[in-house]
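Convention: sequence-line order gives letters A, B, ...; per-chain numbering from 1.
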4 protein chains.
Amino acid sequence: MDHENRRGPGRPRSESSHRRILEAATRLLERDGYTRLTIDALAAEAGVGRQTIYRRWRTKADVVLELVADRPDFAVAVPDTGSYGRDIREFLQSAFAAASDPPTADLLRGLMTEAQERPDFGHRFRHDFLGPRRAAFQVIVDRAAARQDLPSHVASEAIADIAFGSLWYRLLATREPLDAQYADAIARALAPPEGPTGA
Amino acid sequence: MDHENRRGPGRPRSESSHRRILEAATRLLERDGYTRLTIDALAAEAGVGRQTIYRRWRTKADVVLELVADRPDFAVAVPDTGSYGRDIREFLQSAFAAASDPPTADLLRGLMTEAQERPDFGHRFRHDFLGPRRAAFQVIVDRAAARQDLPSHVASEAIADIAFGSLWYRLLATREPLDAQYADAIARALAPPEGPTGA
Amino acid sequence: MDHENRRGPGRPRSESSHRRILEAATRLLERDGYTRLTIDALAAEAGVGRQTIYRRWRTKADVVLELVADRPDFAVAVPDTGSYGRDIREFLQSAFAAASDPPTADLLRGLMTEAQERPDFGHRFRHDFLGPRRAAFQVIVDRAAARQDLPSHVASEAIADIAFGSLWYRLLATREPLDAQYADAIARALAPPEGPTGA
Amino acid sequence: MDHENRRGPGRPRSESSHRRILEAATRLLERDGYTRLTIDALAAEAGVGRQTIYRRWRTKADVVLELVADRPDFAVAVPDTGSYGRDIREFLQSAFAAASDPPTADLLRGLMTEAQERPDFGHRFRHDFLGPRRAAFQVIVDRAAARQDLPSHVASEAIADIAFGSLWYRLLATREPLDAQYADAIARALAPPEGPTGA
DNA sequence: CGCTAAACGAGACGGTACGTCGAGTCTTAGA
DNA sequence: TCTAAGACTCGACGTACCGTCTCGTTTAGCG
């Protein structure tokens, strides 16, 4: 959040509380799922006052968002294989894989849900989570455009919408598995193997 | 829902209460948005006992779902122009248009949100709303497949995911307008103008 | 109540329903106690519509009151032994005995409770239940007065209050047993063995 | 109740809320009577959350009980005139007088009613209200016994039952006035002017 | 070393909504 | 007109969380 190193007088925020809250959140998400993660339960599980949570995060969703931000498997990595098709495929494979383990899927659904119910969290979610991932993906597209390696059948502005839309749609709507096969199908749609212009 | 014409003994459910509840829901959605639509407020606005709502619907989301089901602009119409590309384009144009007016968008977001928080409503939402729309869309795809009119670059099973995913992604994540241009971009990605095999 | 034999047109009230309701009330009182005896439960147990109950009695307390009125051990019997002391003693012995078995005690407490909460039932309770019992008791007192057999130490108007007050007080307040010993103690207070005037 | 001065950590209970609730209860009892005193109404009238009431008292009857406990005219005073007869008379005079003003009578009826419907409150009512008053009365009896000043015609264990029974009986059953004349009649029955053994 | 100031755990605060229960009334079809 | 059934409006219940406030206590830096 915004707890940089500006240090006024007074007792500094406890790093251990911070850590215990995040750990408690992890445990509760695993045990009870996002829906039953309440600030009350979180504070109790962490052995922390409710205010200590509010002091750091505006909503429970922000806690969870930080949790995700800290996870290495959610780091935004931009593959650079030299080929648009391979880049897309690798990106989607790893993105779909990361989102497919059930507790993570539950957590992502929770974040998206909260983003609808709390406009202010919605902004942060878009800015801090969705945005960066989109930007990373866009690097692939822009690089391909510069190389004139982009297929012509799909408007370059729609590529990211299709990629992430397919991901979230399965997550939220159909709940079918986000497996490698699905990632591949989407990748193929965005980057046809032999290229759409054919010969 | 399930209040068909099985008539046992006893006073039948009041059609007028039913109607008043749906009308009240419409008014409240328009006025306050989905998030502030509570059972309490709904009962008060409709001049109805809370129990009367619970008797008919399990959650407020089910009320809203019935509201949507009744709306003509949400009827699932399957265009049949003889061309896969034109069918897709028409379907997406009308689907995106229907979802783009702000109160409707808010309502759809509310339904998807509730589907995440209430697993049992999730099932109904998928079965009663998402399913039929997907099935309608699938008719277009299947018809094209029978005609061998399907582009080869995209796996036929992924087409619907891309179409609806793009819709919901903008609705929930980016909140950018679901305009005709966007519908067209998605349609082009699914059905390239000159056909994907090129020459 | 008021279901005399005035017969207009239409279906006559079912005696079997009437009986089933009273029997159901008996069972429920025995099983769950007065507090959990609701009109809903009563109708369900009797296999009867709620309206059928309301048509005959104004409140559940009125049902119970009729139940009591029908019971032989609650018939108001006025002993006439020729002696004030013996009459009093016999009356109290049998009244206390009748009120002392636990289900009956619970029922009486329920009636008194309801009489406080429902002023109109309160009137009926006083008029139909308490009144007749007081009147019966008063016969004893009046007879003794006519015989000049009344002890002088207690105002004749207070005798009934003491007798019934002692009964209800144990029933409602202390919940100590309404045994023969207690009945006797009260009887002695009202009719001292050797007579109050002593010599 | 049980909120003595044991001070754990955390924000202490607000004395002002406490006071406002009791004041609100007083107003509502006066205005609407015990039966219409609900937790909802009480919270609203006091400008307090419902939980704040539940935190302190288990039932509305417990609120009212505390109200009574605080009132000076309900303090248990034991007269000590040196004469059993005079003590009894004074005690009953003041007890009957306190119970005879209509709002208080209503409140007492409410407490006794609730004690029947809620067994756990019943225990508290007996222990915290009825018990102390009985004990105070018993002091008079015991003192007289020590002085051999007790009339022989009434078993000493029954004296309190008669005294309080007469009070509650009028309150609950006959609703006739608890006036000085009545108090006197009961006092005379318990303590005959010239003594029961006569000469 | 003590002072100031903020964070800490705890838990009470005023609220809002929940889902349930029971009351007393109304409305069916059928006897 | 009664019956069983089951709808209706209403209002209270007790619970769960919310986000804030208020305790006594702890922990830092500064004077």
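Counting heavy atoms from C-beta outward, C/Tyr34 and C/Lys60 have side chains that approach closer than 4.5 Å. Taking the side chain as every heavy atom from C-beta outward, A/Glu114 and A/Arg118 approach each other to under 4.5 Å. Counting heavy atoms from C-beta outward, B/Phe125 and B/Asp120 have side chains that stay 4.5 Å or more apart.
The shortest distance between the side-chain N/O atoms of A/Thr52 and the OP1/OP2 oxygens of E/dA7 is not below 4.0 Å. Taking only side-chain nitrogens and oxygens, A/Ser17 never comes nearer than 4.0 Å to OP1 or OP2 of E/dA7. Under 4.0 angstrom from either OP1 or OP2 of E/dC8 there lies at least one side-chain N or O belonging to A/Arg56.
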Going by atom type alone, with no hydrogens or angles, which donor-acceptor pairs under 3.5 Å involve a side-chain atom of residues 21-29 of chain A and a protein atom two or more places apart or on another chain?
| residue | atom | partner | partner atom | Å |
| --- | --- | --- | --- | --- |
| A/Thr26 | OG1 | A/Leu22 | O | 2.9 |
| A/Arg27 | NE | A/Glu45 | OE2 | 2.7 |
| A/Arg27 | NH2 | A/Glu45 | OE2 | 3.3 |

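Applying the side chain to side chain donor-acceptor pair (under 3.5 Å) test to C/Ser17 and every residue at least two apart in sequence or in another chain returns C/Ser14.
Between A/Glu114 atom CD and F/dG19 atom P there is a gap of 9 Å when expressed in whole angstrom units. Straight-line distance from the CZ atom of D/Arg20 to the P atom of E/dG15: 9 Å, rounded to whole Å. The nearest whole Å value for the distance from the CG atom in D/Asp62 to the C1' atom in F/dC13 is 16 Å. Atom-to-atom, CG of D/Asp40 to P of E/dG15 comes out at 13 Å; the value is rounded to the nearest Å. One interatomic measurement links the two molecules: CD1 of B/Ile53 to P of E/dC21, which rounds to 18 Å at whole-angstrom precision. In this structure, the CD atom of B/Glu117 is 18 Å from the P atom of F/dA16, given to the nearest Å. The nearest whole Å value for the distance from the CZ atom in D/Arg13 to the P atom in E/dG14 is 12 Å. The distance from atom CG of D/Leu42 to atom P of F/dC13 is 9 Å, rounded to the nearest whole Å.
Each of D/Thr35, D/Leu42, D/Asp40 was scored for a side-chain contact (heavy atoms from CB on, under 4.5 Å) with D/Thr38, with one residue passing: D/Asp40.
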| field | nucleotides 24-31 of chain E: protein proximity per nucleotide (B base, S sugar-phosphate only, - neither; heavy atom, under 4.0 Å) | value | BBBBBSBB
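Nucleic acid contact class of C/Thr38 (heavy atoms, under 4.0 Å, all strands): sugar-phosphate only.
Of the residues near DNA chain E, C/Ala41 and D/Val48, the one whose nearest nucleotide (by heavy atom distance) lies more toward the 5' end is D/Val48.
Side-chain N or O atoms of A/Thr113 include one that pairs as donor or acceptor with a backbone N or O of A/Arg109 at under 3.5 Å.
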